[in-house]
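Input: a single structure, listed below in structure tokens.
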Amino acid sequence: MNLALQKLEQNMAGERLDALLVTDPKHVYYLTGFASNPHERFLGLLLIRGEEPVLIVPALDAEAAHAASSVQTILTHSDTDNPYALLKSRFGNTGIGSFGIEKEHFSVSRYEQLAEAVGAGSYTDIGHLLRAMRAVKTPEEVAIMKQAAEQVEEVLRRGLAHVKAGISEIELVAELEYLMKKVGASGPSFDTMVLSGPKTALPHGVPGERRIQPGDLLMFDMGVYTGGYASDITRTFAVGEVDSKLRDIYSTVLAANEAGIAAAVAGATFGSVDKAARDVIEAAGYGEYFMHRVGHGLGMDTHEYPSLHGLNTDVIENGNVFTVEPGIYVPNLGGVRIEDDVLVTAEGPQTLTSFPKEWTVLSL
């Protein structure tokens, strides 16, 4: 049994769970090493206290599961089977007390089928256990995330060569996502964002047919998946000469980004990272134009625990990885966001992203 499974089994005892079922494919991969997209088919990792874990997979994934999974006992089901019968067979007629499930991942339909098969006395959410485990990255996970950061930065580096007068935002997106595969990534970790001109004032704007022109700000927000882990970076550039106010906004956001990173130390709260960055922006008079949290957890999901908003009093731990991405967005003028992926270590915060952040003017 690997270390992650051992820790989850220990947590079962602490939560007084007799059994649990992990069904989120990412969590199955995290705990077993078997990566799969089962679509509508049933995938689950069953743990019963005092017994060896059992992995239940669609029959068409059996070979892949045996090759990749650290769990040795693997049960399969065909498209005409009822996979919940496999669960029922593991318990027989013996009653089960407290049963753990991922409530955020379980549909009502699946819960009803599970309840009929298992008949537990109570069902407890185990989402918080898995979130806490995933929040502290191992050195092996960090190494993969560093690779994902390097890959997306190489994509950005190559992508900038395609910036020319008249190219559209969506054309740049196409070039970038092609490059992601070229550099060895699995693909984008979220919808690649390229925004130009006044559209940079939209924190979650959608790339379109707008064409790049002198005087624009040009914002890239993108990431890649590699080895099951995500990267996420934002950089903003000037295209030729831009409004002097935008240069001032850029300097403010850069200072806020650096202040937020400096605050990312073990023992502080996640909310203090938001405050450190927000204080810089508010002091410069742009507080009303920074309308989102400063960052989010990063790992197997692009957005995962923790949420770095000002009211989060949870304590930062060594091994946490999250983004620090302050921004200023002024309607009808433009916006700037600068985002880095930050690892908390005993020696202080370490950025996994290293793409230059100084004011950069692109010539067309």
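- Between the side chains of Thr323 and Asp341, no donor-acceptor pair of N or O atoms lies under 3.5 Å.
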- request: Kindly indicate, with the supporting measurements, whether the criterion side chain to side chain donor-acceptor pair (under 3.5 Å) is fulfilled by Glu177 and Thr192.
  value: CA-CA 8 Å; Glu177 295 194 346; Thr192 303; 2.8 Å; yes

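- Residues Arg235 and Asp221 are not paired through a salt bridge, judged by the lack of any N-O separation under 4.0 Å between the basic side chain and the carboxylate.
- Residue Glu282 qualifies as enclosed at atom CD: its count of foreign heavy atoms under 6.0 Å is above 12.
- For Arg49, the CZ atom sits in a packed shell: over 12 heavy atoms of surrounding residues, nucleotides or ligands are nearer than 6.0 Å.
- A salt bridge links Glu154 with Arg158: at least one charged nitrogen is closer than 4.0 Å to a carboxylate oxygen.
- Side-chain contact of Tyr229 with Glu141: a donor-acceptor pair under 3.5 Å is present, judged by distance alone.
- Between Pro58 and His77, the closest side-chain pair of non-hydrogen atoms falls below 4.5 Å.
- A distance below 6.0 Å separates the ring centres of Tyr123 and Tyr111.
- Counting non-hydrogen atoms of other residues, nucleotides and ligands closer than 6.0 Å to CG of Asp81 gives a total above 12.
- Under a 4.0 Å N-O distance rule, the pair Arg211/Glu171 qualifies as a salt bridge.
- Only one option out of Val54, Asn2, Leu5 pairs with Val71 in a side-chain contact (heavy atoms from CB on, under 4.5 Å); it is Leu5.
- For the pair Ala230 and Ala148, the tightest heavy-atom approach, listed with the atom from each and the gap, is C-CB, 4.2 Å.
- Closest heavy-atom contact between Asn312 and Pro306: ND2-CB, 4.2 Å.
- Between Phe290 and His292, the gap from one ring centroid to the other is short of 6.0 Å.
- If you check the side chains of Ser307 and Arg293, you find a donor sitting under 3.5 Å from an acceptor.
- Side chain of Ser231 to main chain of Val224: a donor-acceptor pair is present (N/O by atom type, distance under 3.5 Å, no hydrogens or angles).
- There is a side-chain donor-acceptor pair under 3.5 Å between Arg210 and Ser196.
- Taking Asp301 as the reference, Lys26, Arg134 meet the salt bridge (Lys or Arg N to Asp or Glu O under 4.0 Å) condition, with sequence neighbours excluded.
- A 4.5 Å side-chain heavy-atom check between Ile281 and Tyr289 finds every atom pair outside the cut-off.
- Within a 6.0 Å sphere centred on NZ of Lys357, other residues, nucleotides and ligands contribute more than 12 heavy atoms.
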